[in-house]
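Worksheet: one structure, shown below.
Chain A is the first sequence line, chain B the second, and so forth, proteins listed ahead of strands; every chain is numbered from 1.
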There are 2 protein chains.
Amino acid sequence: MAHLDAGRIPEATVARLPVYFRALVDLDRARTATVSSEELADMAGVNAAKVRKDLSYLGSYGTRGVGYDVPYLLFEMSRQLGLAESRSVVIAGAGNLGQALANYWGEGERGFPVVALVDVDPAKVGGAVSGIPVRHAQEMAAIVKDHQGCIGVLATPAEVAQEVADQFVASGVRSLLNFAPALITAAPGVTVRHVDLGLELQILSFYAQREPRRVAAS
Amino acid sequence: MAHLDAGRIPEATVARLPVYFRALVDLDRARTATVSSEELADMAGVNAAKVRKDLSYLGSYGTRGVGYDVPYLLFEMSRQLGLAESRSVVIAGAGNLGQALANYWGEGERGFPVVALVDVDPAKVGGAVSGIPVRHAQEMAAIVKDHQGCIGVLATPAEVAQEVADQFVASGVRSLLNFAPALITAAPGVTVRHVDLGLELQILSFYAQREPRRVAAS
DNA sequence: GGTTGTGAACAAATTCACAGCG
DNA sequence: CGCTGTGAATTTGTTCACAACC
């Protein structure tokens with residue numbers, strides 16, 4: 001009953017909240033007023049008990065005998081996921097991956113505008129990727145200062161990933177998403193997530209020669 | 001004592017094996033003969049107890065008082081991860097993401113040759129992305145037949161992802177890596193992994209307004 | 001002495017099952 | 001009566017701590 005403790009939400013739950021969020025956005029678009037834990041579970045690819053447990057960490061936003069009010073739950077999740085105010089993204093590395101990410105996030109995703117790519121290649125600096133300017137890595141601090149609370153994305157070669165990460169952190173970035181196949185360490189207070197595209201193929205390769213399983217990444 | 005039971009390896013362990021593998025490749029390149037669980041742990045960003053537990057699921061390949069023989073462990077991991085024989089990759093969707101993935105895997109990663117991209121856009125079919133041909137989606141079955149045990153990658157719009165996944169499975173693919181922001185279901189016997197690039201930003205957004213944590217994705 | 005391999009202790013996550021409420 | 005919210009039970013994963021061995 002709405003105790004204001006902002007209690008510790010389990011990591012596994014946090015990773016699923018955006019999945020529910022997407023399902024709720026779809027439901028809302030279809031003008032669906034309420035949804036049961038079982039329907040949401042089907043849409044998210046989990047079971048109903050998990051949905052109820054997960055949502056209960058946010059508070060009691062359902063109605064017994066009825067289900068969850070879609071717009072209300074959407075609003076609460078948006079607020080608690082921090083999606084109410086939009087967060088900028090700065091991508092380091094304007095190679096194939098950096099450009100693809102700029103396009104991917106620039107197009108579809110609401111609330112995460114990519115404000116700049118940075119690179120050290122003179123051939124790339126000064127150009128643009130689907131309207132997003134490519135600037136020199138030296139300008140990173142200035143860019144980050146203009147976009148408080150932005151997310152830094154590492155799409156650089158593995159060899160320089162730690163160096164660029166340090167530069168991001170020194171510039172004031174507290175959220176990093178690393179695509180380089182390298183271990184990144186950062187000061188406490190900085191959240192680092194790691195997406196490893198090579199690793200995914202190796203995991204699939206493992207299961208391909210054993211009993212296959214339904215496995216969700218990330 | 002090399003019991004041949006191929007015992008159940010925990011999912012969490014499987015997800016870490018490729019991380020150890022990469023560290024071992026680096027050590028081997030540097031001609032390092034042996035490595036302790038503590039050194040490997042540092043390189044992988046985990047603790048030594050976890051390394052020992054994880055490696056013990058593969059068998060007893062270490063030497064007490066000495067550590068693990070790098071080339072030997074590398075060979076065994078390579079074998080058990082199924083990296084001994086190379087596995088082809090077919091990418092569905094020759095948009096920005098599909099092209100970036102083709103480049104990414106085409107370049108660096110050993111053992112995962114991207115043999116084709118498939119698309120339905122006549123403007124793309126017949127072309128090539130860094131030497132990899134773009135072929136029509138109708139040819140998928142033929143391509144898959146020529147590359148037994150290949151991995152299917154979904155880099156299509158979310159709306160058609162399930163349809164393309166079904167096509168992959170009907171063609172004989174048993175390993176799918178889905179980049180589309182959509183829930184993919186497949187028959188038992190097919191392994192599906194999901195990488196969601198939008199989701200990662202939302203998770204970072206959540207932690208940015210709370211106590212930040214070191215969190216590893218994938 | 002040094003380091004692995006592993007049972008036992010602990011912690012996190014999932015699932016069950018049902019009371020509580022609309 | 002239906003569906004949520006949640007303690008309790010179970011399963012999965014992590015860490016400890018030490019015997020076994022080189």
Side-chain angles (χ1 to χ4, degrees), chain A residues 1-3 5 7-17 19-20 24 27 32-70 72-73 76-77 203 211 213-218, chain B residues 1-3 5 7-17 19-20 24 27 32-70 72-73 76-77 203 211 213-218:
Chain A
M1 67 297 262
H3 38 86
D5 60 356
R8 217 34 78 224
I9 299 183
E11 214 169 286
T13 293
V14 172
R16 281 188 298 266
L17 291 180
V19 180
Y20 303 142
L24 287 168
L27 288 167
T32 309
T34 61
V35 65
S36 69
S37 58
E38 193 155 346
E39 289 167 316
L40 241 187
D42 285 347
M43 295 181 75
V46 299
N47 66 47
K50 207 180 266 181
V51 169
R52 292 200 297 276
K53 199 45 136 202
D54 285 344
L55 295 184
S56 76
Y57 290 114
L58 300 176
S60 287
Y61 298 124
T63 308
R64 293 170 205 246
V66 179
Y68 300 89
D69 181 84
V70 173
Y72 180 36
L73 185 55
E76 277 301 328
M77 274 193 61
I203 295 172
E211 197 65 31
R213 315 211 129 211
R214 206 66 23 82
V215 189
S218 139
Chain B
M1 57 305 275
H3 39 87
D5 61 358
R8 220 31 80 226
I9 299 183
E11 215 170 285
T13 293
V14 172
R16 280 188 298 265
L17 291 179
V19 179
Y20 304 141
L24 288 168
L27 287 166
T32 309
T34 61
V35 65
S36 68
S37 58
E38 194 155 345
E39 291 169 313
L40 241 188
D42 285 348
M43 295 180 75
V46 299
N47 65 48
K50 207 179 267 184
V51 169
R52 292 202 296 279
K53 227 341 171 237
D54 284 344
L55 295 185
S56 77
Y57 290 113
L58 299 177
S60 288
Y61 298 124
T63 309
R64 292 166 206 249
V66 179
Y68 300 89
D69 181 83
V70 173
Y72 180 35
L73 185 54
E76 276 301 329
M77 274 192 62
I203 295 172
E211 200 63 31
R213 316 210 129 210
R214 206 66 25 81
V215 189
S218 141

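Here the closest non-hydrogen pair linking Ser56(A) and Lys53(A) is OG-O, 2.6 Å. Contact record, Glu39(B) with Thr34(B): OE1-O, 4.4 Å, taken as the closest heavy-atom pair. Taking each heavy atom of Ala41(B) and Ala48(B) in turn, the nearest pair found is CB-N, 3.5 Å.
Rounding to whole angstrom units, NZ of residue Lys50(B) and P of dG5(C) are separated by 18 Å. Atom CG of Leu58(B) and atom C1' of dG5(C) are 13 Å apart (whole Å). One atom, CG of Leu55(B), and another, C1' of dT6(C), lie 13 Å apart when rounded to the nearest Å. Rounded to an integer number of Å, the gap from CD1 of Ile9(B) to P of dT12(D) is 15 Å. Here dT4(C) presents its P atom at 17 Å from OH of Tyr57(B), a figure rounded to the nearest Å. Asp69(A) has its CG atom 14 Å from the C1' atom of dT4(D), to the nearest Å. Between the P atom of dT4(D) and the CG atom of Leu73(A) lies a distance of 11 Å, rounded to the nearest Å. What separates OH of Tyr61(A) from P of dG22(C) is a distance of 17 Å, to the nearest Å.
Both Val35(B) and Arg16(A) sit near DNA chain C, but only Val35(B) has its closest nucleotide nearer the 5' end.
Side chains of Leu17(B) and Leu58(B) form a contact here, defined as non-hydrogen atoms less than 4.5 Å apart.
Among residues at least two apart or in separate chains, there is no side chain to side chain donor-acceptor pair (under 3.5 Å) pair with a member in residues 41-50 of chain A.
Distance CG/Leu24(A) to CG/Leu40(A): 5.0 Å, rounded to 0.5 Å. Going from atom CE of Met77(A) over to atom CG of Asp54(A) covers 9.5 Å, rounded to the nearest 0.5 Å.
Nearest nucleotide to the Ser56(A) side chain, out of dT6(D), dG13(D), dT14(C): dT6(D). Out of dT15(C), dG5(D), dT15(D), the shortest distance to the side chain of Lys53(B) is found at dT15(D). The side chain of Ser60(A) approaches dG5(D) more closely than any other nucleotide in the set dG5(C), dG5(D), dG13(D).
Every residue two or more places apart in sequence or in another chain was checked for a salt bridge (charged side-chain N to carboxylate O under 4.0 Å, His left out) with Glu38(A), and none qualifies. With sequence neighbours excluded, no residue satisfies salt bridge (charged side-chain N to carboxylate O under 4.0 Å, His left out) with Arg52(B).
For DNA chain D, if you chain together Watson-Crick or G-U pairs that step i with j, i+1 with j-1 and so on, the runs of at least three with distances under 3.5 Å are C:1-22 with D:1-22.
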query = Going 5' to 3' along nucleotides 17-22 of chain D, which nucleotides have protein heavy atoms under 4.0 Å from the base (write B), which only from the sugar-phosphate (write S), and which from neither (write -)?
reply = B-BBBB

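Tested against Tyr20(A) for a side chain to side chain contact (heavy atoms under 4.5 Å, CB included), the candidates Val35(A), Leu55(A), Thr13(A), Leu73(A) yield a single pass: Leu55(A).
Between Tyr61(A) and Tyr68(A), the distance from one ring center to the other does not fall under 6.0 angstrom.
Taking a 4.0 Å limit (strictly below) on heavy-atom distances, residues 36-48 of chain B reaches DNA chain C at Ser36(B), Ser37(B).
At distances below 3.5 Å, not a single donor-acceptor pair connects side-chain atoms of Thr63(A) with backbone N or O atoms of Val66(A).
Contact annotation: Tyr68(B) reaches the phosphate of dG5(C) (side-chain N/O to OP1 or OP2, under 4.0 Å).
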